[in-house]
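Written out below as structure tokens is the structure these notes cover.
Every value quoted in this text rests on a predicted model; they were computed, and no experiment measured them.
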Amino acid sequence: TIRLSFFDIRGLSGAKFFGFNNYLLLWGDPNFQRSAVTTIAWTLVSTTVSVGIGWFVAVLCAYAPRETLVAQFMIFSAFGVSEAVTGFIWLGIYRPDAGGLLNSVLAAIGLPNLAHPWLGDGNTALWALIVAYAWGQVGLPLIVIFASAQAIPRSLLEAAHVDGASAGAIMRNIIAPLSLPGVRVAAFINLLGSLRAFDTIYILTNGGPVRSTETIGFFMYRETFTQYKLGYGAASTVVLLIAVLVVSIPAIIQRTSEAR
């Protein structure tokens, strides 16, 4: 892929050496600039939402593991659903007509004015996608952070009970801070996953409307497999690779130093 990024390859025509021109074209391409901004927003918000919800639920489950067993199973089961299936589930929820679950619920509770073509409006499509994607990604942070919280000595929680600490105080001041190692691992995994997300975007919006939900990964797909610009698409892939390395290498170094 790195080698292809230095060539101009269009369809079945022969490859022509292009140097760094593909990268220069990317730098000045407004569609790529927009996809880069979309990727940053998509990655940060979806990771924050999924890890935040997973952390909150994991703390509850760590405090009362038996009472929340059903909730753990239900939330983690969503993680076992593929992104493609997740996309089709939320496609039914976001349908703009009367068959859409979200708009139907809004009409049933007396708020028909809030019904909206959620995926057809450039102002709401990205946020609707983030909700759908984050829903399927909460399970992993839940399990990872819950496992981290299980390492907290029960004697510490029992001592807090004896001292008269409330349930909220125990979860906020003991379980939450001591489960931070699991939070960091879950955030790292979900961050990398969101950078390579494709299926949900492809099924729900196909990068639209007007390329408003197009991430760098989807930009690469469009330029390579629909516009047949193989070298140009390869250059965008290299940019995405660099972004993944920038995120992953410091995290790996930190984890390695902690292990030592």
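Interatomic distance, CG of L101 versus CG of L91, reported as 12.5 Å (0.5 Å rounding). To the nearest 0.5 Å, the span separating CD on E83 from CD1 on I201 amounts to 8.5 Å. Here the CD1-OG distance, from I109 to S104, works out to 11.5 Å after rounding to the nearest 0.5 Å. Here the CZ atom belonging to F88 is positioned 11.0 Å from the OG1 atom belonging to T200, to the nearest 0.5 angstrom. The distance from the CG atom of L129 to the CG atom of L204 is 5.5 Å, given to the nearest 0.5 Å. Rounding to the nearest 0.5 Å places CG of L140 at 13.0 Å from CD1 of I75.
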Let me see the working for F32 and V239 under side-chain contact (heavy atoms from CB on, under 4.5 Å), right down to the final yes or no. CA-CA 11 Å; F32 179 77; V239 172; 3.8 Å; yes
side-chain contact (heavy atoms from CB on, under 4.5 Å) for I174 and L157? Distances and angles first, verdict last. CA-CA 8 Å; I174 298 178; L157 303 182; 3.7 Å; yes
Apply side-chain contact (heavy atoms from CB on, under 4.5 Å) to residues F218 and N206 and explain how you reach the verdict. CA-CA 8 Å; F218 202 91; N206 198 31; 3.2 Å; yes
Could you walk me through whether F219 and Y232 pass the side-chain contact (heavy atoms from CB on, under 4.5 Å) check? CA-CA 10 Å; F219 176 90; Y232 196 53; 3.8 Å; yes
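Judged as a side chain to side chain donor-acceptor pair (under 3.5 Å), and not counting sequence neighbours, the contacts of T205 are T213. Residues passing the salt bridge (Lys or Arg N to Asp or Glu O under 4.0 Å) test with R95, sequence neighbours excluded: D97.
Put simply, the side chain of C61 reaches to within 4.5 Å of the side chain of L142, judged on heavy atoms. Residues W90 and V131 are in side-chain contact: their nearest non-hydrogen atoms beyond the backbone lie under 4.5 Å apart. Within the 4.5 Å cutoff, no side-chain heavy atoms of L195 are placed close to those of W42. L192 places a side-chain heavy atom less than 4.5 Å from the side chain of S248. For the pair F56/L60, a side-chain contact is recorded, criterion being any heavy-atom separation below 4.5 Å from C-beta on. By the 4.5 Å heavy-atom criterion applied to side chains, S82 and V85 are counted as neighbours.
Of all heavy-atom pairs between S194 and T47, the closest is OG-OG1, 3.5 Å. Closest approach of S212 and G122 over heavy atoms only: OG-CA, 3.9 Å. Between G233 and T224 the shortest heavy-atom distance is CA-OG1, 3.2 Å. T215 approaches A197 most closely through the heavy-atom pair OG1-O, 4.3 Å. Contact record, A125 with L119: CB-O, 3.8 Å, taken as the closest heavy-atom pair. Residue T86 comes nearest to A132 through the heavy atom pair CG2-O, 3.6 Å, listed as atom of the first residue, atom of the second, then distance.
Pairs passing the salt bridge (Lys or Arg N to Asp or Glu O under 4.0 Å) check and including a residue from residues 33-62, sequence neighbours excluded, do not occur. Within the structure, side chain to side chain donor-acceptor pair (under 3.5 Å) pairs that include any residue of residues 128-155 do not occur (at least two apart or interchain). The salt bridge (Lys or Arg N to Asp or Glu O under 4.0 Å) analysis of residues 212-229, with sequence neighbours excluded, yields the pairs R211-E214, R211-E223, E214-R222, E223-K229.
Ring pair Y202/F198 is parallel by interplanar angle, where below 30° counts as parallel and above 60° as perpendicular.
L241 and W27 fall into different hydrophobic clusters, where Ile, Leu, Val, Met, Phe, Trp and Tyr residues are linked whenever their side-chain heavy atoms come under 4.5 Å apart, directly or through other members. Cluster membership check: L24 does not share its hydrophobic cluster with I216, using side-chain heavy-atom separations under 4.5 Å among Ile, Leu, Val, Met, Phe, Trp and Tyr. The hydrophobic clustering, which links ILVMFWY residues whose side-chain heavy atoms are closer than 4.5 Å, places V37 and L240 apart. With hydrophobic clusters built from ILVMFWY side chains whose heavy atoms lie under 4.5 angstrom apart, L191 shares a cluster with F188. Following chains of ILVMFWY side-chain contacts shorter than 4.5 Å, one can reach V57 starting from L180, so the two form part of one hydrophobic cluster.
No hydrogens or angles considered: a donor-acceptor pair under 3.5 Å links the side chains of N190 and S50. Side-chain atoms of S179 and W55 include a donor-acceptor pair closer than 3.5 Å. Remark: the N103 side chain and the H116 side chain contain no N/O donor-acceptor pair separated by less than 3.5 Å.
In this structure, Y94 contributes its side chain and A128 its backbone to a donor-acceptor pair below 3.5 Å. At distances below 3.5 Å, not a single donor-acceptor pair connects side-chain atoms of D121 with backbone N or O atoms of W118. Without hydrogens or angle criteria, N173 side chain to A169 main chain gives a donor-acceptor distance under 3.5 Å. In this structure a side-chain-to-backbone donor-acceptor pair under 3.5 Å is present from D29 to N31.
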In a table with atom names and distances, give each donor-acceptor pair under 3.5 Å that connects a side chain of residues 1-8 to protein atoms at least two apart or in another chain.
| from | atom 1 | to | atom 2 | distance (Å) |
| --- | --- | --- | --- | --- |
| S5 | OG | I2 | O | 2.5 |
| S5 | OG | Y23 | OH | 2.7 |
| D8 | OD1 | R10 | NE | 3.3 |

